[in-house]
Colleague: 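This is the structure, below, for whatever I ask next.
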Amino acid sequence: MPKTAATPQLAADPSRWKALIFIALAQLMVVLDATIVNIALPSAQTDLGISDGNRQWVITAYALAFGGLLLFGGRIADKWGRKNAFVVGLIGFALASALGGAATGEAMMLGARALQGAFGALLAPAALSLLAVMFTDAKERAKAFGIYGAIAGGGGAVGLILGGVLTEYLNWRWTFFVNIPFAIIAAVGAWLVIRESAGSRNRAPLDIPGVVLSTLGLVSLVYGFTRAESAGWSDGVTVGMFIASAVLLAAFVFVESKVKSPLLPLRVLLERNRGGVYLSLGLAVISMFGLFLFLTYYLQVVKGYSPVMTGFAFLPMIAGMITGSTQIGARLMTRVAPRLLMGPGFLLAATGMLLLTQLEVGSSYPALILPAQLLLGLGMGTAFMPAMSLATHGVNPADAGVASAMVNTSQQVGGAIGTALLNTIAASATTAYLTDHAAEAAAGGAAGKLIQAQAMVEGYSSAIWWAVGILVASSVLALTLINTGRPGAGGPVASGSGSAEDTEVKVPVIAH
């Protein structure tokens, strides 16, 4: 094969497998934090005197900072160096976690959560783009992204277990303090083993208008969905946030098409394989976040599980994700086209979700919930792995950070939409059920409690039907939009731009 400009990138980094340990540890910490605090929130709220109206901000402050700053964080990683961004992100996340664990009041807690989100937005895209540029061999890349995909998919469920154990047996503050050893080990290890070529940096000046418009647009979007969950979809502020988001993001796209050095080069978005990943993954995450929410409430409120029991009840899903990602996805990724893993993977997950539409108050965990979680985990794990690898498909290494940030952005926005949309559907179905059974509910006693429980389960079931449809849509999008061949097969590649920067890395053995 004739040499191309990309040939030097094929040299394997001798420390890549050691680096993977620390990158995976950092990713686990970030993903854990998305759910671990949920379990601790009731205890923290009581200790810190946070009002019911403001308690959502413990979650929202993190989500807004993380979701709003991801694109900025991705470009900073490209410009400043991924290793530098990774280590600074870890140190900042550790300090913010220490601040949260030591919080003495509401303001200190909310400030710590916003700082966690900001440093997470620097850390997450740096981690994924480091993998993208360090693993160039197709088979090794498959294994590395298999591990990363399993953590990205299953880490949230692990957070439920760890949060339950720490809150029940120690103190809610440990759900913050536990991040510190994770971050220190990952930062020291990364500093010692990661070697990054300065030639892969993006030296272009920072696109300040793009930073402002994208941050404000994404913050408005995430806050709109978060507010919709509590205030309703017709609330004036909710509607205003959605309108503001649409205007700001449209202005962002216009600016990016005109400026010389855009924050998010449109070629990153318009290439059909990357676009297919962003869309299908974002939709799938809507279903995942909704399911975590409903199953947690079902197991604790309806079935009476303790926080620790609830966390362990999610283990089959974690096992399924790890198996799907490291055994099915990683083994098949070099043999079949990515769409033939993602499409069927999302359909398998939809099958597991379909089982959960049969939830009833007296449903058996071993007979219904366990097999549903296994199917869901296997499907998601199988689909997540090639999705993470394709995040940087056909992209110039100098754009790897911002391309990786788009995956995290699609997941973050998908999570916000999933929590708000599916929770609203569930609440409406529950209200309708109670209205239809008002006389029985008013009777009180055991019969009244049973009607309340049945109403909750009816709401969950209705929302899960929507989640099934969303996963089927994810599968269709993945099968339709993603057309690249298997790594090493020289199938269709970046079709969106045809720029010199994209063709520079179009060699058969790289799945960027």
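Computed over heavy atoms, backbone and side chain alike; hydrogens, waters and symmetry mates excluded.
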Colleague: Step by step, would you call Phe177 with Leu166 a side chain to side chain contact (heavy atoms under 4.5 Å, CB included)?
Modeller: CA-CA 10 Å; Phe177 292 146; Leu166 292 173; over 6 Å; no
Colleague: Are the side chain of Ser474 and the backbone of Ala284 linked by a donor-acceptor contact shorter than 3.5 Å?
Modeller: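 A pair under 3.5 Å: yes.
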Colleague: Between Tyr298 and Phe294, is the ring centroid distance below 6.0 Å?
Modeller: no
Colleague: Any sub-3.5 Å donor-acceptor pair from Tyr460's side-chain atoms to Glu360's backbone N or O?
Modeller: no
Colleague: More than 12 heavy atoms of other residues, nucleotides or ligands under 6.0 Å from NZ of Lys18: yes or no?
Modeller: no
Colleague: Phe312 versus Val165: any side-chain heavy-atom pair under 4.5 Å?
Modeller: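 Side chain of Phe312 against side chain of Val165, heavy atoms only: contact under 4.5 Å found.
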Colleague: Please check: side-chain N/O of Asn273 versus main-chain N/O of Asn483, any donor-acceptor pairing under 3.5 Å?
Modeller: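 Checked: pair present.
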Colleague: Is there a side-chain contact between Trp466 and Ile286 in this structure, where contact means two heavy atoms from C-beta onward sitting under 4.5 Å apart?
Modeller: no
Colleague: Let me confirm one number: the CG-OG distance from Leu471 to Ser287, rounded to the nearest 0.5 Å.
Modeller: 3.5 Å
Colleague: Given the rule in the side chain to side chain contact (heavy atoms under 4.5 Å, CB included) test, do Leu70 and Leu218 qualify, once you have shown the distances and angles that lead to the verdict?
Modeller: CA-CA 9 Å; Leu70 268 167; Leu218 288 170; 5.7 Å; no
Colleague: Could you state the interatomic distance from CE (Met288) to CG (Leu422), rounded to the nearest 0.5 Å?
Modeller: 12.5 Å
Colleague: What is the ring orientation for Trp172 with Phe176, classed by angle as parallel under 30°, tilted 30 to 60°, or perpendicular over 60°?
Modeller: perpendicular
Colleague: Minimum heavy-atom separation for Ala463 to Ile425, with atom names?
Modeller: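 Nearest pair, atom of Ala463 first, then Ile425: CA-CG2, 3.9 Å.
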Colleague: Say whether, by atom type as modelled, one donor and one acceptor occur between the side chain of Lys83 and the main chain of Leu130 under 3.5 angstrom.
Modeller: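 Flag not set: sc Lys83 to bb Leu130 has no pair under 3.5 Å.
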Colleague: Looking only at non-hydrogen atoms, find the nearest pair between Ala429 and Gly459 and report the distance.
Modeller: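 Here Ala429 and Gly459 meet closest at CB-CA, 3.7 Å.
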Colleague: Mind listing the closest non-hydrogen atom pair of Ala387 and Val277 along with its distance?
Modeller: O-CG1, 3.5 Å
Colleague: Within the 4.5 Å heavy-atom criterion, are Phe384 and Leu281 side-chain neighbours or not?
Modeller: yes
Colleague: Tell me, do Trp191 and Asn84 make a side-chain contact under 4.5 Å, heavy atoms counted?
Modeller: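 A side-chain contact exists here, since the closest heavy-atom pair is under 4.5 Å.
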Colleague: For Ser97 versus Asn179, what's the shortest heavy-atom pair and its separation?
Modeller: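 In this case the closest contact between Ser97 and Asn179 is OG-ND2, 3.1 Å.
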Colleague: At what distance, to the nearest 0.5 angstrom, does OG1 of Thr480 lie from CZ of Arg339?
Modeller: 10.0 Å
Colleague: Do Glu458 and Thr430 have side-chain heavy atoms sitting under 4.5 Å apart?
Modeller: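 No, every pair of side-chain atoms sits at 4.5 Å or beyond.
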Colleague: To the nearest 0.5 angstrom, please state how far the OG atom of Ser475 sits from the CD1 atom of Ile470.
Modeller: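 The CD1 atom of Ile470 is 14.0 Å from OG of Ser475, to the nearest 0.5 Å.
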Colleague: Just do the side chain to side chain contact (heavy atoms under 4.5 Å, CB included) check on Met29 and Leu90 with the steps written out, would you?
Modeller: CA-CA 9 Å; Met29 180 187 72; Leu90 281 165; 3.8 Å; yes
Colleague: Just verifying a value: how many Å separate Ile369 CD1 and Ser364 OG, rounded to the nearest 0.5 Å?
Modeller: 7.5 Å
Colleague: Side-chain contact, heavy-atom cut-off 4.5 Å: Ile180 with Ile184?
Modeller: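 The answer is yes; the side chains approach within 4.5 Å.
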Colleague: Between Arg272 (side chain only) and Leu481 (backbone N and O only), is there a donor and an acceptor less than 3.5 Å apart?
Modeller: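 Between the backbone of Leu481 and the side chain of Arg272 there is a qualifying donor-acceptor contact (under 3.5 Å).
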Colleague: Would you call the rings of Tyr365 and Tyr305 parallel, tilted or perpendicular, where under 30° means parallel and over 60° means perpendicular?
Modeller: tilted
Colleague: Minimum heavy-atom separation for Leu122 and Gly73, please, with both atom names.
Modeller: CD1-O, 3.9 Å
Colleague: Identify the heavy atoms of Ala65 and Ala121 that sit nearest to each other, and give their distance.
Modeller: O-CB, 4.3 Å
Colleague: Please examine the side chains of Trp80 and Val88, heavy atoms only from C-beta on, and report whether any two atoms are closer than 4.5 Å.
Modeller: yes
Colleague: Taking atom CZ of Phe346 and atom CG of Leu348, what is their separation to the nearest 0.5 Å?
Modeller: 11.5 Å
Colleague: Is it the case that the side chain of Ser461 and the backbone of Thr357 share a donor-acceptor pair, with hydrogens and angles ignored and the cut-off at 3.5 Å?
Modeller: yes
Colleague: Heavy-atom distance under 4.5 Å between the side chains of Trp17 and Leu20, does that happen here?
Modeller: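 The answer is yes; the side chains approach within 4.5 Å.
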